[in-house]
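Have a look at the structure that comes next, please.
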Amino acid sequence: MNEKILYVRLPCNPIFPIGVVYLSDHIHKVFPEIEQKIFDLGTIPPLDFNTALDRCIDEFQPTLLVFSWRDIQIYAPVGGRGGNPLQNAFEFYYAKNPLVKLKGALGGLKVTTAYYGELWRNEGLIRRGLTRARKYNSQARAVVGGGAVSVFYEQLQKQLPKGTIVSVGEGEQLLEKLLKGQDFSDERCYIAGETQPRARMIHEQPTPLEKTACNYDYIQTIWSDFDYYLQENDFYIGVQTKRGCPHNCCYCVYTVVEGKQVRINHHDEVVEEMRQLYDRGIRNFWFTDAQFSPAKRFISDAIGLLQKILDSGMKDIHWASYIRADNLNPELCDLMVKTGMNYFEIGITSGSQELVRKMRMGYNLRTVLQNCRDLKAAGFNDLVSVNYSFNVIDETYETIRQTIAYHRELENIFGADKVEPAIFFIGLQPHTHLEEYALDKNILKPGYDPMSLMPWTAKKLLWNPEPLGSFFGEVCLQAWKQNPHDFGREVMQILEDKLGCAPLESALTAPVKKQLTKV
Ligand code: B12
Ligand code: SF4
């Protein structure tokens, strides 16, 4: 059969669909004769999803449908999907005033309806697309992958049409084997209704792949809406410079989705890819790596890449990324500033070294501060988002005071207006150490559904256990009431007013005996 591949990026906020772009680029390099098309539902208004998909399938008549599903989980301290999910949940769980509780319940209902609505809608789009494609080619197949599927692949098996191939992590090799007619059962995948996902499949290492620069001349020919992302200046277009993260942070699943082995893309290829986007007018890039500088041994690599970017003459660009700020040095800081880094996120989670150790994060908070000073000295004067997730494990009033001390020191370094505390509560994810811990401590029961948004499950998955859970609940509610537009800073201020601030030195030291806590 002459294959025709349609890549459908399922509805999503308009984040550049780098996953399907890379997949189609790879397949084109291996099978230049195969006809492909990208269809991004992120650029289509919701009321038109069904008709637009039908139209696309009628015109293209694909034999293989590659569905890419980016996100499912919605807990975030920001608005979206019918409201602010964190606020609604907290109002419902923690408000003392019955009216606020009711408001939370109604808001939560709205968010829950939107959440299940989106799940069913996406499953419906997969079913619809496959049925429609089979009108033209009875053998047409569907493969489903992407970030959301990688996290929830086990839960999705009953929801997808029988015969759908469900993929975990990067999909290049799986698609290649599928198209070559080879056995692909050794890839991280299973077939819905036919095979079962292997136990701990997500922990298997991905098959290594040498990535070359994406060929955007080609991509433009198979994606009619590509220009959508070129028109607005505020899109940060994804460019991947490496895959994998060697760390073990207790709540994080990236390290298993991408694997622990860090695989670095050749610098010339990264620069060549950026150059193609640059020539099309793109000036903002997001390095989509799990971490741009994942460990000390990759500092020289990051320096090499940034030096090449600088030498390329693309001087008016900006870039952003997740940065492990413990893995920087003055030379790297200097290059970060010179190449236009204008935003980064540090996920230290807590400003208490003791808790950072207990969460197995491998950060040295003193080093982070020193590196931040180097970054400032190098001329960095833009926004830093510091992600704090309170109450993950063994939080006490004293560790909260330490986090405040740490945050105030970051403000001293960068300026209070430049450091944005992003207050998250961890959305518990399957295959993490935190999940094991919750099962161990009987907080969750084996067989629980990590995708459930029913209030009794959601309360456990939105990680904020007692005895401090209600305290944080009340602090957050007060912050939303007092200053909803600067929620993170308000939370920090309320905590400081209530509990005070520890000496910085105590935040930076962790007594050795407490490092042995089992997570
Ligand atoms: C970088 C990143 C961001 C950046 C994106 C910047 C940008 N401009 O691109 C930022 C910080 C903005 C971001 C935000 C969010 N993110 Co994010 N993000 C990531 C991260 C680290 C990498 C994603 C990426 O681009 N990778 C590189 C590309 C090439 O990979 P990819 O798209 O996954 O595609 C590959 C594979 O998935 C696979 N594949 C993809 N589709 C298909 C289809 C088939 C059939 C097959 C076989 C394979 C396949 O092959 C592709 C190529 O190798 C992932 C975690 C991770 N390590 O994967 C989370 C991740 C995608 N994010 C996630 C979430 C939830 C969010 C938010 C919704 C968080 C929130 N609650 O606000 C927001 C969304 C904001 C919005 N506006 O909607 C989740 C999604 C899963 C879930 N839990 O529901 C992830 C997986 C993290 C996690 N474990 O929870 N994110
Ligand atoms: S460093 Fe970041 S990406 Fe790596 S395991 Fe920790 S939280 Fe996850």
Side-chain angles (χ1 to χ4, degrees), residues 5 7-10 12-26 42 64-81 85-86 142-152 164-175 178 184 187-189 206 209 211 214 229 235-241 243-260 262 284-291 294-295 320-324 326-327 343 345-349 359-363 385 387 422 424 427 429-433 450-451:
I5 310 178
Y7 297 84
V8 182
R9 209 272 288 258
L10 289 167
C12 181
N13 280 351
I15 290 187
F16 190 73
I18 188 72
V20 291
V21 167
Y22 280 5
L23 288 174
S24 54
D25 175 63
H26 176 78
L64 184 65
L65 289 142
V66 173
F67 288 99
S68 185
W69 191 337
R70 191 188 188 280
D71 49 56
I72 284 182
Q73 225 169 15
I74 49 168
Y75 298 126
V78 288
R81 305 199 183 171
L86 187 68
V143 198
V144 180
V149 180
S150 298
V151 178
F152 299 109
T164 305
I165 302 167
V166 184
S167 162
V168 172
E170 55 208 68
E172 283 88 343
Q173 302 286 351
L174 167 64
L175 291 185
L178 180 66
F184 54 82
E187 292 296 324
R188 297 193 292 174
C189 68
L209 168 82
K211 187 181 166 322
C214 178
Y229 294 93
F235 281 120
Y236 276 73
I237 303 294
V239 172
Q240 201 175 39
T241 83
R243 291 181 176 178
C245 176
H247 294 282
N248 244 330
C249 306
C250 71
Y251 52 78
C252 180
V253 76
Y254 296 12
T255 178
V256 283
V257 170
E258 293 194 16
K260 287 202 184 305
V262 177
N284 295 331
F285 299 90
W286 188 291
F287 294 136
T288 60
D289 315 356
Q291 291 293 345
S321 190
Y322 289 126
I323 302 283
R324 278 231 17 156
D326 51 343
N327 305 318
Y343 175 77
E345 295 194 14
I346 329 182
I348 51 171
T349 306
M359 291 186 282
R360 299 184 174 187
M361 300 185 62
Y363 269 109
S385 170
N387 298 352
F424 285 87
Q429 298 200 329
H431 315 290
T432 56
H433 298 297
M451 274 171 69

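Throughout, numbering of the chain's residues begins at 1 and tracks the sequence. Atoms within a ligand are numbered from 1 in the order they appear, just like the ligands themselves. Since the structure is predicted, the reported quantities are computational estimates derived from the model, not experimental observations.
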Numbering as shown, the atoms of ligand 1 that approach Q429 to under 4.0 Å (heavy-atom distance): 83 (N), 88 (C), 89 (N), 90 (O)

Check: Y236 side chain, F16 main-chain N or O, donor-acceptor pair, under 3.5 Å: no

For E172, salt bridge (Lys or Arg N to Asp or Glu O under 4.0 Å) partners two or more places apart: R243

For atom 23 (C) of ligand 1, the option (of R188, R70, Q240) bearing the nearest heavy atom: R70

Per-atom contacts, ligand 1 versus V66 - under 4.0 Å to a heavy atom: 43 (C), 44 (C), 45 (C)

Sphere of radius 2.8 Å around atom 8 (Fe) of ligand 2 - protein N, O or S atoms inside: C252 SG

Residue pair T241, T288: steps toward the side chain to side chain contact (heavy atoms under 4.5 Å, CB included) verdict: CA-CA 7 Å; T241 83; T288 60; over 6 Å; no

Shortest non-hydrogen contact from C189 toward L174: SG-CD1, 3.8 Å

Heteroatom proximity flag, E172 to ligand 1, N/O under 3.5 Å: yes

Ligand 1 atoms in contact with V151 (distance to a heavy atom under 4.0 Å): 89 (N)

Backbone N/O of V253 and side chain of H431: donor-acceptor pair under 3.5 Å: no

Plane angle bin for Y322 and Y254 - parallel if under 30°, tilted between 30 and 60°, otherwise perpendicular: tilted

Interfacing atoms of ligand 1 (cut-off 4.0 Å, heavy-atom, I15): 7 (C), 9 (O), 75 (C), 76 (C), 77 (N), 78 (O)

